[in-house]
Amino acid sequence: KRQVLDVVAARLLDPSLSILPFESKPPKYEAYLLKRAGDAAVAQALAEEIGFYRKALEVDPEYVGARLSLVSALMSWNKDAEASKELEVLEGGRVKLSPYQSHSVKGFRAWSRGQWDAALVFSREMVRLAPGDARTLYTLANDAYHADRPREALEVLGRDVDWSVMTQD
């Protein structure tokens with residue numbers, strides 16, 4: 001009951017919050033706020049960004065979204081061994097993954113192995129599950145680019161969505 005209340009409160013306090021397609025269970029609101037702080041720190045120092053995600057996981061170790069953001073940050077900073085360990089936590093079955101999260105984990109694993117076509121398949125499935133989400137569409141465009149499908153990448157980036165979420169926070 002507490003987590004349901006957390007998600008209702010989070011939605012009231014932050015109308016942009018829509019975790020239904022992404023999370024298998026709602027995170028604790030405090031963990032969500034820490035993840036948002038990490039998202040805001042993306043363009044800044046590695047230690048700050050990763051620190052927020054790790055704090056979010058201390059508050060709610062089952063918050064898959066925070067762990068996926070941590071994996072993304074670690075991979076962005078070429079800390080592949082650490083990212084792989086975090087993926088192993090998600091692949092180990094200790095936390096329940098939503099279908100979206102399952103495709104995301106598989107996509108990260110494919111990406112880490114340089115399997116661009118496989119990553120593209122998983123990002124297409126993520127878009128099917130969350131068709132209007134700008135971050136998911138950006139992932140698809142990025143994967144299409146790396147899979148040498150520039151037309152698909154440009155088509156995705158040309159879609160009529162609110163891309164401003166990519167620069168907020």
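Quick caveat, the model's predicted, so the values are computed rather than measured. Position 1 is the first residue of the sequence; numbering continues from there.
- Contact between Ala141 and Val156 at its shortest, heavy atoms only, is CB-CG1, 3.9 Å.
- In this structure Glu88 satisfies the salt bridge (charged side-chain N to carboxylate O under 4.0 Å, His left out) test with no other residue, sequence neighbours excluded.
- At least one side-chain heavy atom of Leu140 sits less than 4.5 Å from a side-chain heavy atom of Glu152.
- Nearest heavy atom pair, residue Lys96 against residue Val64, reads O-CG2, 3.9 Å.
- Checked against Tyr100 for a side chain to side chain contact (heavy atoms under 4.5 Å, CB included), the options Glu125, Arg128, Met126 give a single hit: Met126.
- Using a 4.5 Å heavy-atom threshold, the side chains of Asp80 and Leu74 count as separate.
- Applying the salt bridge (charged side-chain N to carboxylate O under 4.0 Å, His left out) test to residues at least two apart or on different chains, the pairs with a partner in residues 142-151 are Asp117-Arg149.
- Annotation: side-chain hydrogen bond (donor to acceptor under 3.5 Å, both in side chains) contacts of Gln115 (sequence neighbours excluded): none.
- Arg54 meets the salt bridge (charged side-chain N to carboxylate O under 4.0 Å, His left out) test with Glu82, Glu86; sequence neighbours excluded.
- Partners of Glu91 according to the salt bridge (charged side-chain N to carboxylate O under 4.0 Å, His left out) rule, which considers only residues two or more places apart in sequence or in another chain, are Arg109.
- Between His146 and Trp116, the ring planes are tilted. Angles from 30° to 60° get that label.
- Shown here for Lys28 and Asp60, the closest heavy-atom pair between the two residues is N-OD2, 3.0 Å.
- Each ring-ring contact (aromatic ring centres under 6.0 Å, His included) pair with one or both residues in residues 124-145, not counting sequence neighbours, would appear here, but there are none.
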